[in-house]
Participant: 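Mind looking over this structure? Questions follow.
Each ligand, and each atom within it, is numbered from 1 in the order the structure gives.
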Amino acid sequence: MLGRQKVHTRLFYEFDLETHIPPDHLLRGIDRFLDLTGLHEEMRGFYSHTGRPSIDPELMIRMLVIGYVMGLRSERRVCQEVHLNLAYRWFCRLGLEDKVPDHSSFSKLRHGKFRDSDIFRHVFERVVAQCIAHGLVGGQGFAVDASLISADVQKQSSSRQSEWDASTIDPAEAPRAVREYLDTLDEEAFGTATPVKPKFTAHADPASQWTAARKGPAFFAYSDNYLIDTDHGIIMDVEASRSVRQAEVGSTLTMLDRTAERFDIRPDWLVADTAYGSEESLVEIVLKRQILPFIPVIDKGERTDGTFSRSDFTWDEENDRYICPEGNELRHARRNYSDPARFSNEMKPRRYRAAKTDCQACPLKAQCCPNSETRSLQRGKYEIVRDFARTCVASAFNETASRRRKKVEMLFAHLKRILGLSRLRLRGPLGVRDEFTLAATAQNLRKLAKLRPANAPSMQIG
Ligand code: SF4
């Protein structure tokens with residue numbers, strides 16, 4: 001018999017939101033790890049003690065977390081979804097009849113109290129602490145990488161390098177993102193990362209970088225830098241920077257130091273791609289922080305014209321010389337100088353030369369130094385550090401480290417494809433930092449919910 005739904009309006013309902021959220025719902029899993037106790041105390045100093053009560057900051061943070069976890073890129077959309085979705089209401093501690101804040105409230109809070117209190121970073125670090133407490137962080141091997149995220153600007157609204165002069169901008173008249181750009185001109189992650197000026201500067205967000213690093217058409221972007229623990233791919237730290245190599249390397253050092261300071265975790269080894277293999281970067285990682293580098297060395301001594309590269313010569317540490325493919329030695333000094341400093345083991349740059357008589361009689365000369373009388377090699381001040389990195393990369397463990405490095409690339413792919421963060425919504429270094437920090441928090445929460453489900457056997461947390 002054909003059924004027909006009976007529509008009848010009831011004045012009163014008995015409704016328990018709790019019973020309507022499935023036990024395996026993603027937000028249930030995440031809720032167990034989002035610990036916001038003490039948040040009100042942390043933020044109390046940023047609110048006036050008189051006047052009307054504000055919107056609860058915990059509610060705003062829960063709504064923002066929903067947005068980033070579920071890939072809802074607009075705050076207007078988050079408000080609509082929280083209004084309609086029972087699970088979202090439950091996660092935000094809103095009853096069926098409670099009013100959802102207006103989307104305009106987010107903008108005011110983000111640029112004001114949230115930023116002054118640095119609350120997004122505090123929430124991110126609490127989630128990392130949860131990951132550590134639940135045994136998801138080994139702490140031995142870290143990976144670092146950066147991904148380009150498009151800035152919210154257009155090429156049409158930009159100036160050429162010759163037409164852009166930051167000193168003519170009046171901060172009082174400038175929009176927020178431009179004021180933030182002026183404030184970061186002396187910061188290593190932005191203004192002072194490199195003396196090279198970008199070809200174009202975007203008017204609405206001058207701190208974004210005009211880059212063609214993806215080997216496609218150039219665009220304006222920021223770099224999202226992740227430092228991850230390679231056991232489970234937990235993001236230990238996140239940093240926004242200009243999309244240039246020097247800024248990304250500087251961010252790596254900032255993240256390593258901050259992780260050591262906040263969580264007392266210093267990795268034994270670090271894996272990264274060639275972009276991190278400059279001499280300065282390796283000195284910071286190996287000499288100053290005592291971390292094994294599984295990082296390919298940037299080698300300007302490698303030749304592409306078919307003649308012998310530096311790697312064809314063997315370094316003989318004991319006798320302070322190179323051995324060439326013909327078996328002859330290259331030395332930095334041959335005479336018996338009375339000055340012992342010429343022969344000291346002190347770290348300094350040196351040029352090593354083959355003997356003229358050896359090269360003139362050598363059958364390999366055309367492959368080695370066709371345009372000069374002898375072959376010479378420059379050995380940098382910290383070549384020993386670069387050699388150490390080369391040894392690490394040539395070791396058997398490098399394959400394992402490289403395989404684990406893929407986890408950071410997968411996190412960026414997830415960030416763009418699933419969480420929808422392929423283009424920024426906020427402008428200016430601070431807005432970008434907020435977006436990256438919230439997105440990293442969301443990724444760690446999703447991982448916690450997946451790897452430590454509620455029905456898993458209980459584990460000792462200490
Ligand atoms: S040309 Fe000189 S440095 Fe090069 S392989 Fe021959 S002897 Fe060695």
Participant: Between the main-chain N or O of Asp231 and the side-chain N or O of Lys407, is there a donor-acceptor pair closer than 3.5 Å?
Facilitator: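 The answer is yes, because a donor-acceptor pair under 3.5 Å joins these two groups.
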Participant: With heavy atoms of Cys324 as the reference, note each atom of ligand 1 found under 4.0 Å away.
Facilitator: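 Contacts of ligand 1 toward Cys324, numbered from 1: 3 (S), 5 (S), 7 (S), 8 (Fe).
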Participant: With atoms numbered from 1 as shown, which atoms in ligand 1 lie under 4.0 angstrom from a non-hydrogen atom of Ala354?
Facilitator: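 Listed by number with element: 3 (S).
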Participant: Using atom types as modelled and distance alone, determine if a side-chain donor or acceptor of Lys381 lies under 3.5 Å from a backbone N or O of Pro349.
Facilitator: no
Participant: I'd like to check which ligand 1 atoms, numbered from 1 as shown, lie under 4.0 Å from a non-hydrogen atom of Arg375.
Facilitator: 3 (S)
Participant: Considering only protein heavy atoms, which is closest to atom 6 (Fe) of ligand 1, and at what distance to one decimal place?
Facilitator: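 Of the protein heavy atoms, Cys362 SG, 2.3 Å lies nearest.
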Participant: Ring of Trp269, cation from Arg404 - is the NZ or CZ under 6.0 Å from the centre and inside 45° of the axis?
Facilitator: no
Participant: List every atom of ligand 1 that sits less than 4.0 Å from any heavy atom of Cys368, numbering the atoms from 1 in the order shown and giving each element.
Facilitator: 1 (S), 3 (S), 4 (Fe), 5 (S)
Participant: Working to the nearest 0.5 Å, report the span between CZ of Phe263 and CG of Asp229.
Facilitator: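 That separation rounds to 12.0 Å.
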Participant: Is it the case that the side chains of Tyr226 and Gln443 hold a donor-acceptor pair, with the cut-off being a distance below 3.5 Å and no angle test?
Facilitator: yes
Participant: Starting from atom 7 (S) of ligand 1, locate the nearest protein heavy atom and write down its residue, its atom name and how far away it is, to 0.1 Å.
Facilitator: Asn328 ND2, 3.4 Å
Participant: Look at the N, O or S atoms of Cys359, main chain and side chain alike, and state whether any lies under 2.8 Å from atom 2 (Fe) of ligand 1.
Facilitator: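 Given the 2.8 Å cut-off, Cys359 counts as a ligand of atom 2 (Fe) of ligand 1.
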Participant: Could you check, using the six-membered ring where one of them is a Trp, whether His134 and Phe33 have ring centers closer than 6.0 angstrom?
Facilitator: yes
